[in-house]
Peer 1: 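Provided herewith is a single structure, encoded as structure tokens, for subsequent inquiry.
Letters go in sequence order (proteins before strands), and every chain restarts at 1.
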Amino acid sequence: MSPRDEIPLLKGLDGEGSVQVHQDASMKIEGAKVFSVYGKGGIGKSTTSSNLSAAFSVMGKRVLQIGCDPKHDSTFTLTGRLQPTVIDILKEVDFHAEELRPEDYVATGWNGVKCVEAGGPPAGTGCGGYVVGQTVKLLKQHHLLEDTDVVIFDVLGDVVCGGFAAPLQHADRAVIVTANDFDSIYAMNRIIAAVQAKSGNYKVQLAGCVANRSRATDEVDRYCEKVGFNRLAHMPDIDAIRRSRLKKKTLFEMDDEDDIITARAEYLRLADTLWRSVQAPGSTPDPLPDRDIFELLGFD
Amino acid sequence: MKLTLWTYEGPPHVGAMRVATGMKGMHYVLHAPQGDTYADLLFTMIERRNHRPPVTFTTFQARDLGGDTANLFKDSARDAYDRFQPQAMIVGASCTAELIQDDPGGLAEALGLPIPVIPLDLPSYQRKENFGADETFYQIVKALAQPMPRTEAITCNLLGATALGFRHRDDVTEVTRLLSLMGISVNVAAPMGATPDDIARMGQAHFNVLLYPETGEAAARHLERACGQPYTKIVPIGVGATRDFLHEVSALTGLSAKVDESGLRLPWWSASVDSTYLTGKRVYIFGDATHVTTAARIAATEIGFEVVGMGCFNREFARPLRAAAKAYGVEPLITDDYLEVEAEIARLQPELILGTQMERHIGKRLGIPCAVISAPVHVQDFPARYSPQMGFEGANVIFDSWIHPLVMGLEEHLLTMFREDFEFHDEAGASHHGGKAVPRQEEELPTYVVPAGQDLSAPLDRYAAMIPDIPIITPSGEVVWLPDAERELKKIPFFVRGKAKRNTERYATDRGLFEISVDTLYEAKAHYAR
């Protein structure tokens, strides 16, 4: 290194000490609007993602949902089964991706939604980000993204590592699924900080949050008002959603009952809001320090 | 990918050149340094094309790298358009030029030429020639072909033929002829022979015939999605595959699959009494996966060879090849390293190799006959005569070209049979040259004088000492060949000599003999003839 090298000051932009370079241009997803869904583990990201995919498909969009969780259960309500993951298939061909064809790892689910499960290493080992990167590479190689209007990344919630960040490099908007309780909002606060850090170098911006499985939304709203965030939708704590998962179906496939029709309408509204949000500037909340959020939500 | 001396496939931009060169009215502007222009020779020298490939190289040199290579590209593209007036253009970078990241697609778009300009983004360091051709053809079809009303009569497109392909020119003719027997005409054959305007009317066809999956599958899949045209999955190389192909087309169109087969000769030729020497010949097959799997079927079920090994160099189609290898009970070899192929052939010791130009060299080194079935091929595999691989005439051609190397081997035994003949011996010279016949010099049998005191009761020692100049043909067990018997053995044609030797030795051992004389040899022959 020569003394004349100009080292740009990127501190804080992409995480402290990061020497992150921009991803290769050929990896860019063009044409489709890309959303990634985040949230605390078990909050209902997969339920939200697959109902959202179904809603987009009802709106006439060509949808691709990519499950980025080693559990590979993101898309089962769309396909009605646990499909093999990209990593499983890649292992079969000894990681020679050239050998694969789209039908090997893409399943067509309800209403033509294309479903991919990236899969990943066992918890605590390997790199989930690598798996997501390989998946996007395959989808591009087979020109699947060119024939798609909406891509939804359903991101794993349990660990914060490469797997967490990789979809952000491809996403236009990030959506956070939360609930009206302290743990979920606390997790959302941390996710906001992470996404804000990424948006310095990538086009990704936050769209807003979804209050899931909650009767009320007062705590979520209080937090949103404080940090300048917006709530896009509210999914009440209805039994229909639980039943739909037991039946391995999205809400759109269930019989017409009142609560189901209401929930469907809310997902359709959310899909429409997200579709429009890509044109508008994203939300730029200011995440709270951990101590402040304790105080805000009335705990100490 | 490995560094190697010789490769089965070039970099992807060579694949793009194969597509552009096959087409008419298409021009390829290739951002490439001076040295990369050698690729022209592939087409003019190997394929004997009578015109240069329609490729404009920017040919930047080392000193240009200090200046503006982007402008150099733009000037080249503009000049190429003015000079060649193509209907459409493809633009891209060679492997070397990819590194300077000038983005030819973006630059060409900025030129605002009045024709479609299709950018190619080929990953030079990850993929190879076949992928390059496949991807280029796909991009061209995607950019130019649109859904449109179908033709009134049933028509199809033929997909995948390119320049430098193995017998692509004649396969297109043969399959066109075959389909016409069913009452189907060809709408567009592409890329080879098609113009960009032709590509634009591909949507008219009722279905697509995928001749070469290696170079046409992406386009076929795209046309299936975009224009609703189904495509055929069976490649009609060999008698069985051609009949299956006709049935597949029949299922797509509802037309009868019964066509005139009177020109087909392979089945009778390989069943005729003169072909018994082909039965059970051990063959090794290597090339591109499509040609290898079709060749294996012909070898095993139509000619009666035994497939002892098979493999392909293109990983894109490794899976169907593995499935085929499993069916023949052999271990598949998927590699682009010719040294691995050579080692495998040396290990298996087949009697015939069906391969590419590379295997022809391997065969030469190992002394094993070879027939060529797949690209990459050399100039002699672009024959002047009509010589397809597909359809019924293709089957005839395959019969001739595969058994030719074997027949040539068999004729050699006639030469050695007459080696010691008084009239046709080695020194006699060719009879048709009108030279005077030279009488054969009789060879003196070595005589052996038993030294005083040597014990002659141990037969092995006795003969080993007696004939130091005439090597015994590897004595097996305790049986020894006497010199005259050994000379007689050498007169037996080479392809049965090993068997005759083993049988005679077994005969001798069974009878407790330690020596084989000429008499023993003929007694054994008589014994096994009974």
Peer 1: Could you pull out the closest heavy-atom pair between A:E99 and B:R315, with the gap in Å?
Peer 2: CG-O, 2.8 Å
Peer 1: Counting only heavy atoms not in B:K233 (residues, nucleotides, ligands), do more than 12 fall under 6.0 Å from its NZ?
Peer 2: yes
Peer 1: When you compare the side chain of A:H143 with that of B:Q139, does any pair of heavy atoms fall below 4.5 Å?
Peer 2: yes
Peer 1: In terms of heavy-atom proximity below 4.5 Å to chain B, should A:D94 be classed as side chain, backbone, both, or neither?
Peer 2: neither
Peer 1: Do A:E98 and B:N314 come within less than 4.5 Å of each other through their side chains, counting heavy atoms only?
Peer 2: no
Peer 1: Between B:R221 and A:E103 (salt bridge meaning N to carboxylate O under 4.0 Å), is one present in this structure?
Peer 2: yes
Peer 1: How long is the span from the CZ atom in B:R319 to the CD atom in A:E92, to the nearest 0.5 Å?
Peer 2: 7.5 Å
Peer 1: With a 6.0 Å cut-off (strictly less than), is the heavy-atom count around CD of B:E224, excluding the residue itself, greater than 12?
Peer 2: yes
Peer 1: Would you name the heavy atoms of A:D147 and B:R225 that are closest together and state the gap between them?
Peer 2: OD2-NE, 3.1 Å
